[in-house]
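Notes follow once the structure below has been shown.
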Amino acid sequence: MRSAVSEAHLLRQLAETPLCDRLDLVSLSGWSRGAVYPAVAALEREGMVAAIPHASTRTAPTRRYLLTAEGVRRLARAEGTSVERLLHSRPVSARWRRLLLERLDGVAATYRLASAIAGAASPIRLRWYRASPMDAAIALPDGRTLAVVRQGRATELTAFAKRLWRLREGPRFGAFLLLVPDPVRLRHLARLMSGARTITFLALERDAATAGASARIWRTASGSPPLSLTEVLTYTASGAAWPGERPLAHVTPPPALPDPGGGGIPLWMLPSLLTPSEKRALDLLADWPWITRERIAALLGVGRTRLSGVLTQLEGYGLVRAGGGDGRFLLSDDGLALLARRDRAAASDARRRWSAAPLDPDAPLDWRNVTGRRSRQLLRTIDHTAAVHGFIAALAGQARDAGWDVEQLDPPHRASRYFRHHDLLHSVHPDAFGLLRREGTRWAFFLEWERRAVRPSTMAARLAPYLRYYASQRPTDDHGLRPDVLVVFEDELAADHFLGVARAEMKRARVDLPLRVSHRALLEREGPLGSAWRSPAAAAVSPLEQPTTRQ
């Protein structure tokens with residue numbers, strides 16, 4: 001039989017860290033597993049805590065726990081305070097529950113990180129933030145504090161940069177811990193935070209959510225060798241910020257959770273109900289709108305039957321819709337809002353950019369009748385969009401067969417790179433960026449699927465941004481290696497002419513551009529990783545045979 005003290009302690013822990021699973025509770029509370037597991041089960045039987053299922057692409061399936069209205073009342077009595085005061089002081093109100101459930105995947109990764117920190121320095125405290133630039137703060141036993149900031153896949157670069165500026169100008173923490181979705185954005189954020197007065201450590205979210213305190217997955221913004229979390233704590237300065245936030249104006253006790261088997265499931269409950277495969281499909285559709293069923297299957301690496309089940313479930317939730325009348329899929333407005341709120345982005349901005357809702361519901365759905373400006377542009381140039389989709393789908397399948405891992409595959413809005421050349425700001429805007437890995441070898445590429453460059457002057461204009469970019473160290477700084485520039489033409493004659501123009505432009509600019517050129521028919525026969533490519537100085541080769549691929 002557990003004691004009243006253990007009950008109050010566990011209720012208090014769940015009030016401070018709602019949606020922990022039992023392993024998180026073991027780490028954060030300092031209790032043994034043998035004490036926590038039966039105590040949680042007893043509280044659940046008495047109706048003081050409720051459990052929800054959860055799994056993500058970063059964390060294993062588990063059950064996460066939160067206080068019910070009865071649990072809140074019991075904790076208020078144990079602490080000698082009112083329910084209203086407790087709702088204002090802890091993240092247990094109905095509004096807080098909804099907010100944390102919307103961000104559940106990020107919440108789970110943060111708890112895994114906090115558990116690893118607790119394994120190296122215990123006891124710790126954790127505080128969640130609603131509108132501040134940090135997602136959470138962690139206090140170490142000696143009073144030093146860490147700000148945890150997560151960048152999600154759906155986060156726009158400009159908005160996140162403003163958020164980091166607010167973080168740098170805010171209260172003084174001992175260190176910033178940034179969780180980043182991919183290697184390219186990790187390098188970009190490292191440059192962005194290199195001048196911060198507070199030491200900044202960065203790691204890939206997938207590593208931070210699974211690694212322990214001894215794994216060397218962290219690096220400083222200044223580019224240190226990989227560090228373990230234990231070493232990160234030794235470098236953490238004496239900052240002791242523990243800022244509060246303006247409390248919610250109106251708070252209500254948390255209501256009973258909706259029945260997942262019933263109809264009308266609210267959008268904020270879906271992050272706990274979706275499977276990892278369904279979440280992967282949502283991210284893929286966010287990256288590549290107007291994509292066909294066959295290409296979704298190739299990118300996910302699943303069969304038609306499995307994919308049909310995933311898409312049917314997502315359509316049933318109202319997150320995905322078929323559009324255009326030709327078997328293409330994209331996110332609904334609810335799907336866009338789900339991903340935006342998961343990553344602390346503005347749902348209204350996501351809809352303005354990517355919504356496929358018709359301007360006139362009674363008119364045919366063509367590009368003129370699409371609300372989102374970026375979605376409209378992709379539909380307007382649907383032949384080009386489909387060609388890029390076909391390339392990346394074929395590459396994913398061929399890479400899988402050859403034993404390569406597709407570590408990163410970015411759509412146009414994330415593939416762009418901005419850089420300075422002769423003190424002026426320039427950019428490249430490819431149709432895709434990819435990064436593949438196999439054992440000690442990496443290969444990266446930019447893709448340009450070219451349909452309009454048919455004159456020498458136009459071809460030279462297409463090359464000019466890449467010649468500027470590769471005239472510096474920025475490609476290597478951005479990616480850790482020099483990506484190939486893959487240019488695909490519709491016919492062989494245009495590809496041959498482009499190679500001649502490229503040779504002349506590279507000689508004139510004195511830039512060794514890692515250029516590979518192909519055309520549609522050859523690419524369809526050989527595949528993106530086959531001997532479909534010609535460089536200005538070589539015959540047809542596979543891009544993976546180039547010496548630039550070795551790490």
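Atom set for the values below is all heavy atoms of this structure, side chains included, hydrogens, waters and symmetry mates excluded. Positions are given from 1 along the sequence.
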- Message: I'd like to know whether Arg85 forms a salt bridge (charged side-chain N to carboxylate O under 4.0 Å, His left out) with Glu79, so could you lay out the CA-CA distance, the side-chain angles of the two residues, the decisive distance to 0.1 Å, and finally the verdict.
- Response: CA-CA 11 Å; Arg85 184 180 294 275; Glu79 294 193 341; over 6 Å; no

- Message: Under a 3.5 Å distance rule, please check whether Glu245 uses its side chain to pair with a backbone N or O of Ala131 as donor and acceptor.
- Response: yes

- Query: Roughly how far, to the nearest 0.5 Å, is the CG atom of Leu25 from the OG atom of Ser115?
  - Reply: 8.5 Å

- Step by step, work out the salt bridge (charged side-chain N to carboxylate O under 4.0 Å, His left out) result for Glu156 and Arg374. CA-CA 14 Å; Glu156 290 285 335; Arg374 291 185 181 177; 3.5 Å; yes

- Nearest 0.5 Å please: distance from the OG1 atom of Thr385 over to the CG atom of Leu378. 4.5 Å

- Message: When you measure from the side chain of Arg144 to the backbone of Leu233, do you find a donor-acceptor pair of N or O atoms at a distance under 3.5 Å?
- Response: yes

- For the side chain of Arg321 and the backbone of Leu330, is there at least one donor-acceptor N/O pair under 3.5 Å apart? no

- Short side-chain to backbone donor-acceptor contact, Asn369 and Pro358, under 3.5 Å: no

- Message: For Ser427 and His429: C-alpha separation, side-chain torsions, deciding distance, then whether side-chain hydrogen bond (donor to acceptor under 3.5 Å, both in side chains) applies.
- Response: CA-CA 7 Å; Ser427 60; His429 297 283; 2.8 Å; yes

- Message: Looking at Phe433, I'd like to know if the NZ or CZ of Arg417 sits under 6.0 Å from its six-membered ring centre while staying within 45 degrees of the ring's axis.
- Response: yes

- Item | Exercise: do Trp290 and Ser375 side chains pair donor with acceptor under 3.5 Å | yes

- Message: Does Asp21 form a salt bridge (charged side-chain N to carboxylate O under 4.0 Å, His left out) with Arg112? I'd like the steps, not just the answer.
- Response: CA-CA 10 Å; Asp21 69 7; Arg112 286 290 180 259; 2.8 Å; yes

- Query: Arg90 side chain to Leu14 main-chain N or O, any donor-acceptor pair under 3.5 Å?
  - Reply: no

- Query: Are any non-hydrogen side-chain atoms of Leu23 and Thr62 less than 4.5 angstrom apart?
  - Reply: no

- I would like to know whether Arg125 and Glu16 meet salt bridge (charged side-chain N to carboxylate O under 4.0 Å, His left out); could you show each step before the answer? CA-CA 9 Å; Arg125 292 181 297 149; Glu16 293 172 354; over 6 Å; no

- Which distance, rounded to the nearest 0.5 Å, do you find between the NZ of Lys162 and the CG of Leu157? 11.0 Å

- Could you pull out the closest heavy-atom pair between His88 and Pro247, with the gap in Å? ND1-CB, 4.1 Å

- Query: Do Leu319 and Leu282 have side chains that get closer than 4.5 Å, going by heavy atoms?
  - Reply: yes

- Query: Is the backbone of Ala221 close enough, under 3.5 Å, to the side chain of Thr200 for a donor and an acceptor to pair up by distance?
  - Reply: no

- Task: Take Asp287 and Arg414, measure what side-chain contact (heavy atoms from CB on, under 4.5 Å) needs, and give me the verdict at the end.
- Result: CA-CA 9 Å; Asp287 287 346; Arg414 287 209 308 272; 2.8 Å; yes

- Would you mind reporting whether Val148 and Arg150 have side-chain heavy atoms less than 4.5 Å apart? no

- Task: Taking the six-membered ring for Trp and the single ring otherwise, decide whether the centroids of Trp128 and Tyr111 are under 6.0 Å apart.
- Result: yes

- Query: Would His479 and Val184 count as a side-chain contact (heavy atoms from CB on, under 4.5 Å) if you check the C-alpha gap in whole Å, the side-chain angles of each, and the deciding distance to 0.1 Å?
  - Reply: CA-CA 6 Å; His479 312 99; Val184 172; 3.7 Å; yes

- Is there side-chain contact between Leu75 and Leu67, with at least one heavy-atom pair below 4.5 Å? yes

- Begin from the C-alpha positions of Asp105 and Ser56 and carry the test side-chain hydrogen bond (donor to acceptor under 3.5 Å, both in side chains) through to its verdict. CA-CA 6 Å; Asp105 289 356; Ser56 75; 4.5 Å; no

- Message: If you define the side chain from C-beta out and look only at heavy atoms, does anything of Pro258 sit under 4.5 Å from Trp268?
- Response: yes

- Task: Begin from the C-alpha positions of Leu229 and Leu113 and carry the test side-chain contact (heavy atoms from CB on, under 4.5 Å) through to its verdict.
- Result: CA-CA 9 Å; Leu229 195 53; Leu113 171 60; 4.0 Å; yes

- First locate atom CE of Met269, then atom CG of Leu274, and finally report the distance between them rounded to the nearest 0.5 Å. 10.5 Å

- Message: Looking at Arg342 and Asp283, is there a salt bridge between them, counting it only when a charged N and a carboxylate O are closer than 4.0 Å?
- Response: yes

- Query: How far apart are the closest heavy atoms of Ala213 and Ala116, and which atoms are they?
  - Reply: CB-O, 3.7 Å

- Scanning both residues in full, the closest heavy-atom pair of Ile124 with Ala114 reads CD1-O, 3.4 Å

- Query: So, do Phe176 and Val149 sit near enough that their side-chain heavy atoms are less than 4.5 Å apart?
  - Reply: no

- Query: From Arg344 CZ over to Glu102 CD, what is the distance, rounded to the nearest 0.5 angstrom?
  - Reply: 12.0 Å

- Would Arg163 and Asp135 pass as an ion pair if we require N to O under 4.0 Å? yes

- Task: Carefully, step by step, assess Thr155 and Arg185 under the rule side-chain hydrogen bond (donor to acceptor under 3.5 Å, both in side chains).
- Result: CA-CA 11 Å; Thr155 307; Arg185 280 188 276 196; over 6 Å; no

- Below 4.0 angstrom, N of the basic side chain to O of the carboxylate: do Asp360 and Arg368 qualify? no

- Side-chain (Arg187) to main-chain (Asp477) donor-acceptor, under 3.5 angstrom: yes

- Item | Matching residue for Pro271 among Leu339, Ile52, Leu338 - test: side chain to side chain contact (heavy atoms under 4.5 Å, CB included) | Leu338

- Note on the structure: Distance col, row Leu189:CG vs Phe160:CZ, nearest 0.5 angstrom, shows 5.5 Å

- Message: Checking the side chain of Thr236 only, and the main-chain atoms of Gly174 only, is there a donor and an acceptor separated by less than 3.5 Å?
- Response: no

- Message: For Pro18 versus Leu100, what's the shortest heavy-atom pair and its separation?
- Response: CG-CD1, 3.5 Å

- Item | Pairwise side-chain contact, Phe329 with Glu315, heavy-atom cut-off 4.5 Å (strictly under) | yes

- Item | side-chain contact (heavy atoms from CB on, under 4.5 Å) evaluation trace for Thr17 with Asp24 | CA-CA 9 Å; Thr17 55; Asp24 298 329; over 6 Å; no

- Query: Side chains of Met134 and Phe173: closer than 4.5 Å at any heavy-atom pair?
  - Reply: yes

- Query: Which heavy-atom pair separates Asp431 from Trp288 by the least distance, and what is that distance?
  - Reply: O-CZ3, 4.2 Å

- When you measure from the side chain of Thr68 to the backbone N and O of Met48, does any donor-acceptor pair fall under 3.5 Å? yes

- Derivation of the side-chain hydrogen bond (donor to acceptor under 3.5 Å, both in side chains) call for Thr220 and Ser222: CA-CA 5 Å; Thr220 63; Ser222 59; 3.0 Å; yes

- Taking all heavy atoms of Val180 and all of Leu186, pick out the closest pair and write down the distance. CG1-N, 3.4 Å

- Message: Test your reading of the model: is there a side-chain donor-acceptor pair from Arg153 to the backbone of Pro181, 3.5 Å cut-off?
- Response: no

